[in-house]
Amino acid sequence: MQLSEQELVRRQKLEKLRALGINPYPADLFPVNHTSKQIKSNFEDDKQVIIAGRLMAINIQGKASFAQLQDSEGRIQVYFNRDEICTGEDKSMYNDVFKKLLDLGDFVGIEGTLFTTQVGEKTVMVKNFKLLSKALKPLPIPKQKDGVTYDAFTDPEQRYRQRYADLAVNPHVKEVFVKRTKLFNAMRQFFNDSGYFEVETPILQPIPGGAAARPFITHHNSLDIPLYMRIANELYLKRLIVGGFDGVYEFSKNFRNEGMDRTHNPEFTAMEIYVSYKDYNWMMDFCEQLLEHCALAVNGTSEATFGEHNISFKAPYKRITMRDSILEFTGFDIYNKSEDEIRAAAKGMHIEVDETMGKGKLIDEIFGEKCESNYIQPTFITDYPKEMSPLCKEHRKNPELTERFELMVCGKEIANAYSELNDPIDQRERFEHQLKLAQKGDDEATEFIDHDFLRALEYGMPPTSGMGIGMDRLIMFLTNNQSIQEVLFFPQMRPEKKKVDLSDNEKAILEVLKSQKRMDLTVLKSQSGLSNKGWDKGIKGLTKHGLTKVTKTEDSLIVELQD
RNA sequence: GACCAGUUAGCUCAGUUGGUAGAGCAUCUCCCUUUUAAGGAGAGGGUCCAGGGUUCGAGCCCCUGACUGGUCACCA
């Protein structure tokens, strides 16, 4: 492992600390009794406090120094004065341990008293300090002045790969994740207060149902069967409604083996809720109440900013049928039109369509192309074509439609809900229709039929409304982040490339040199078969690693193998 | 998958026409007892993403690749 100068220095400090009898990684608890935030909000001169955290700034001015200590709630200034810390003759605790052996990033415990400096900064006067954990790698700490940040740690690759460092140095990043958890808590509380029941259902499923997506597949050894990581949990929650729960919900990590971009991660979180004896109209009311509640809990206001848009999550939200939406934005009325008429209309709108697309798919294409992006404020789009919604109950007034809504915000779907299909015969036919579509080549159709789910429906499922919410997307809206990676602690990344110890060039040279131990440079160069540049890099690298040595004689250069 | 951009010190970034690799912060040494991007004096620190090509000579030009970001396509 190649260590930088700073990393070497810190390892040396580690040894010096141990030589002084200081354990850089002590085991015993440190009796913290205040946080930085408590000190600031409850400030009293001369109050004794015990705090702990990371050193994030050190400013030494001779016999006294200032430092910034960062704990989970923020930063507080601490003042190290030589004679306050070292009351006797021995000043080594200040002169050596503090000044020379502590570094930015180290965890330190501090006992001290509060005072205010001449410039008015609330500060802890250090009476005693203890190293709690030594940092061997320098953190990429940004600097701030007048609200401007310098040397900010901003490279997305580094930030995502080393989220721990990102969180340690970028308080605004931490804030996003605090809000994420607030959102989950708020939603959970809203459901629990409504009397609904949080459940857990299988992540490893023998049939990946409830959505159309490519699953991750794995294998169970003792059963010797394939298992799939769930792409949705819908069919399991409905089984629980069959079993007699009135309302069930689950925050579901789902897994889809598809493309990654700034709104898609292979694992993501959906919330699904199913409530019996309700329909999708009720669910729209419920949804807007829920989202208003959540926005308030997360941001303290139902207003949110997303990019250039200001969004209001205050209920109620506009509701429009898909037919009316298409009519509004294209002037085309899909009502009572044949598949061919709709295809022709789509072509007329310069939308790419092909012969495999059924009526529902065509309508969905038109909506996606011409309507979707117009809905900035939360809007319910209702009454989707039947073909696109194999788990949704047929519309009570029009057999070509379903009782379905999606909630659109800034042109993106964040919720999807149905009056759930509970007619087992209809459900079987829909599955079979999907199967045909899949065989026809529609890659969005579901190709599995879950017979156990059908059996459950045959026992009878009460009329039920269900809704799914994309939690990652919702928190993106509530924290004004355009990228899903910003709202996941550890977004999926390509594996880091391992740095090889020796390059191919270096290996080639060593291979030739091994047999001889000592060779003329020009001979070795030609036998290694490397290009000029390759040779140059290779031999320089080997010399740097201390594996070879080049010596000059009167008329030639000799390369020697070192031990 | 397509296109565009990026990759140089621990961090943020310069790097001219191809000619000895730079700055600020960080690090190290010294001075400094209420500072706050503290200040002052000095020093060290580089696989210029990787590989190949052109060239007397490449961080820079050409080719191939890796990774990241963005845009588009795909994705209920």
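We use all heavy atoms of the structure for the numbers below, so side chains are in, but hydrogens, waters and symmetry mates are not.
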Original post:
Which nucleotide in the list B:A76, B:C28, B:C32 gets nearest to the side chain of A:Arg256?
Top reply: B:A76
**OP:** Look at the side-chain N and O atoms of A:Lys99 and state whether any lies under 4.0 Å from the OP1 or OP2 oxygen of B:U33.
**Re:** no
What protein N or O atoms touch nucleotides 22-24 of chain B N or O atoms at under 3.5 angstrom, if any, and at what distances?
{"residue": "B:G24", "atom": "N2", "partner": "A:Asp151", "partner atom": "OD1", "Å": "2.7"}
{"residue": "B:G24", "atom": "N2", "partner": "A:Asp151", "partner atom": "OD2", "Å": "3.1"}

Subject >> Side chain of A:Arg161 - closest among B:U33, B:A76, B:U68 >> reply: B:U68
**OP:** Look at A:Arg494 and B:C67 and indicate whether a side-chain polar atom (N or O) is within less than 4.0 Å of OP1 or OP2.
**Re:** yes
Original post:
Taking atom C1' of B:G10 as reference, at what distance in whole Å does atom CD of A:Gln158 sit?
Top reply: 11 Å
Subject >> Rounded distance in Å between the P positions of B:A50 and B:G42 >> reply: 34 Å
Subject >> Proximal nucleotide (of B:U12, B:U34, B:U27) relative to the A:Phe153 side chain >> reply: B:U12
Original post:
Do A:Arg404 side-chain atoms and A:Asn416 backbone N/O form a donor-acceptor pair below 3.5 Å?
Top reply: no
Original post:
Taking the side chain of A:Thr154 as its heavy atoms from C-beta onward, which of B:U35, B:U12, B:G69 lies nearest to it?
Top reply: B:U12
Subject >> Most 5' of A:Leu104 and A:Thr123 on RNA chain B, judged by nearest nucleotide >> reply: A:Leu104
Original post:
Side-chain donor or acceptor of A:Asp261 under 3.5 Å from a matching atom on the base of B:C74?
Top reply: yes
Original post:
What is the nucleic acid contact for A:Glu234, judged by heavy atoms within less than 4.0 Å: base, sugar-phosphate only, or nothing?
Top reply: nothing
Subject >> Residue A:Glu157, side-chain heavy atoms: nucleotide from B:U35, B:C11, B:U68 that is nearest >> reply: B:U68
Subject >> Given B:C75, B:U35, B:A26, the nucleotide with the shortest approach to the side chain of A:Lys361 >> reply: B:C75
Original post:
What pairs meet the salt bridge (charged side-chain N to carboxylate O under 4.0 Å, His left out) rule with one or both residues in residues 481-492 of chain A, with sequence neighbours excluded?
Top reply: A:Arg159-A:Glu486
Original post:
Of the candidate nucleotides B:G69, B:A37, B:U36, which contains the atom at the shortest distance from the side chain of A:Gln77?
Top reply: B:U36
Original post:
Under the 3.5 Å rule, do the base of B:U36 and the side chain of A:Glu121 count as making a donor-acceptor pair?
Top reply: yes
**OP:** Starting from the C-alpha separation in whole Å, work towards a yes-or-no answer on side-chain contact (heavy atoms from CB on, under 4.5 Å) for A:Val124 and A:Leu69.
**Re:** CA-CA 10 Å; A:Val124 179; A:Leu69 196 75; over 6 Å; no
Cut-off 3.5 Å, no hydrogens considered: what does the side-chain donor-acceptor table look like for residues 53-68 of chain A, sequence neighbours left out?
{"residue": "A:Arg54", "atom": "NH1", "partner": "A:Gly105", "partner atom": "O", "Å": "2.9"}
{"residue": "A:Ser65", "atom": "OG", "partner": "A:Tyr94", "partner atom": "OH", "Å": "2.8"}

Original post:
If pairing requires Watson-Crick or G-U wobble contacts with both distances under 3.5 Å, which nucleotide is the partner of B:A43?
Top reply: B:U27
**OP:** Among B:C30, B:C32, B:U36, find the nucleotide with the atom closest to the side chain of A:Thr117.
**Re:** B:U36
**OP:** Would you mind telling me which of B:A76, B:U36, B:G44 lies closest to the side-chain atoms of A:Pro390?
**Re:** B:A76
Original post:
Of the candidate nucleotides B:U36, B:U12, B:C67, which contains the atom at the shortest distance from the side chain of A:Asp155?
Top reply: B:U12
